[in-house]
Amino acid sequence: MSVATDQLPLRPVARAFFARPTLDVARDLIGCLLVHDLPEGTVVGSIVETEAYTDRDPGSHAFSGMTARNAPMFEEPGNAYVYFTYGMHHCLNAVTEETGRAGAVLLRAVEPIAGLEHLRSRRPGRRDRDLARGPGRLTLAFGIGREHDRADLTTGVLRICTGERLPEAALVRTARIGLAAAQQDGRRWRFAVKGSPWVSSGRSTTARGSRRS
DNA sequence: CAGAAGATCATCT
DNA sequence: GATGATCTTCTGT
């Protein structure tokens, strides 16, 4: 469904929202709106899938301390952390936790809400369902790149706005790494809207993760 | 400085 | 389900 941009109450989320435990932020971001003012118009998507990266997750970029790339993870909560991977894709994260403590939530998928024509023109030949299903596709469709690293998601042109608050029962919560790390509270959690066709997990690539030990 | 891995995607069988 | 594309970042020597 497409909605006129000026009909949406696009109120940015407060910085305090992000200055909390990463897992809480990852859960609460589901249902929030990702908004980007592009030259051709505003695009909006409802966040349907996230992944939490804490400083105790061995898979986190910040696990082994600060580097030039991951420095934004240690900085202001509510900023963006954008990195380039696999030589082709950008990934968008929201920085969490108090300043000085590393944490981030990877935005893995959104349901297109407004600006559909702009999203489509940035993803030529793709079905609507594939416009922003997956972290790399999401950044492509929304025109997000490294220039957005450290962008302020609470006030900027690229921002996260309040949306529908979903009950716990409407969400799927999946652990992504094995027991050893889990015992040290180093779990990586993925959150998604239950049954949503817009989420990237739970298809094609069969249940990876949770298989390592 | 070389080497390897990587928070992925599209395409093919 | 397997593979290639493509290049940055990090690590070790």
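A, B, ... follow the sequence lines: proteins, then strands. Residue 1 opens every chain. The figures here come from the full heavy-atom set of this structure, side chains too, leaving out hydrogens, waters and symmetry mates. Note that the coordinates shown come from a computational prediction; the quantities given were computed from them, not determined experimentally.
Under the 4.0 Å criterion applied to side-chain N and carboxylate O atoms, A:D149 and A:R146 are not assigned as salt-bridge partners. For A:R165 and A:D28, the salt-bridge test passes: some basic side-chain N is under 4.0 Å from an acidic carboxylate O. Ion pair A:D55/A:R101 flagged as a salt bridge, since at least one NZ, NE, NH1 or NH2 atom sits closer than 4.0 Å to an Asp/Glu carboxylate oxygen. Salt bridge annotation for A:E168-A:R173: absent, with no cationic side-chain nitrogen under 4.0 angstrom from a carboxylate oxygen.
Counting any heavy atom pair closer than 4.0 Å across all strands shown, A:G87 reaches a base atom.
One interatomic measurement links the two molecules: CZ of A:R190 to P of B:dA7, which rounds to 12 Å at whole-angstrom precision. Spacing between atom CG of A:N70 and atom C1' of C:dT9 amounts to 10 Å, rounded to whole angstrom units. Put simply, CG on A:L140 is 9 Å from P on B:dC9, counting in whole angstrom units. Distance, A:Y86 OH to B:dA10 P: 14 Å, rounded to whole Å. A:L29 has its CG atom 16 Å from the C1' atom of B:dA7, to the nearest Å. Taking atom CD1 of residue A:I144 and atom C1' of nucleotide B:dT8, one finds them 15 Å apart after rounding to whole Å. Computed from coordinates, the A:F191 CZ to B:dA7 C1' distance equals 16 Å when rounded to whole Å. The distance between atom NE2 of A:H89 and atom C1' of B:dA7, rounded to the nearest whole Å, is 12 Å.
Candidate nucleotides C:dA5, B:dT11, C:dC10 were compared by shortest atom distance to the side chain of A:M88, and C:dA5 ranks first. In this structure, the nucleotide among B:dA7, C:dT8, C:dT11 sitting nearest to the side chain of A:R108 is B:dA7. Distance from the side chain of A:F84 is smallest for C:dC7 among the nucleotides C:dC7, C:dC10, B:dA7. In this structure, the nucleotide among B:dC9, B:dA7, C:dC10 sitting nearest to the side chain of A:H61 is B:dA7. The side chain of A:P135 lies closest to B:dT8 when the candidates are B:dA10, B:dT8, C:dC10. Residue A:C91 places its side chain closer to B:dT8 than to any other of B:dA10, B:dT8, C:dT11.
A:F18 has its side chain within reach of A:T154: a pair of non-hydrogen atoms, C-beta onward, lies under 4.5 Å apart.
The pairing partner recorded for B:dA7 is none, the criterion being a Watson-Crick or G-U wobble arrangement whose two distances lie under 3.5 angstrom. C:dT6: no Watson-Crick or G-U partner with both key distances under 3.5 Å is found in any strand. Nucleotide B:dT13: unpaired (no Watson-Crick or G-U wobble partner with both distances less than 3.5 Å).
Between A:R126 and B:dT11 there is a side-chain polar atom (N or O) within less than 4.0 angstrom of OP1 or OP2. The phosphate of B:dA10 (OP1 or OP2) has a side-chain N or O of A:R137 nearer than 4.0 angstrom.
The nearest heavy atom of DNA chain C to A:R146 and to A:S64 marks one nucleotide each, and the one closer to the 5' end goes with A:R146.
Here A:Y53 counts as stacked on B:dA7: its ring centre is under 5.5 angstrom from the base ring centre and the planes meet at under 30°.
Put simply, OH on A:Y53 and CG on A:L23 are 12.0 Å apart, with the number rounded to the nearest 0.5 Å.
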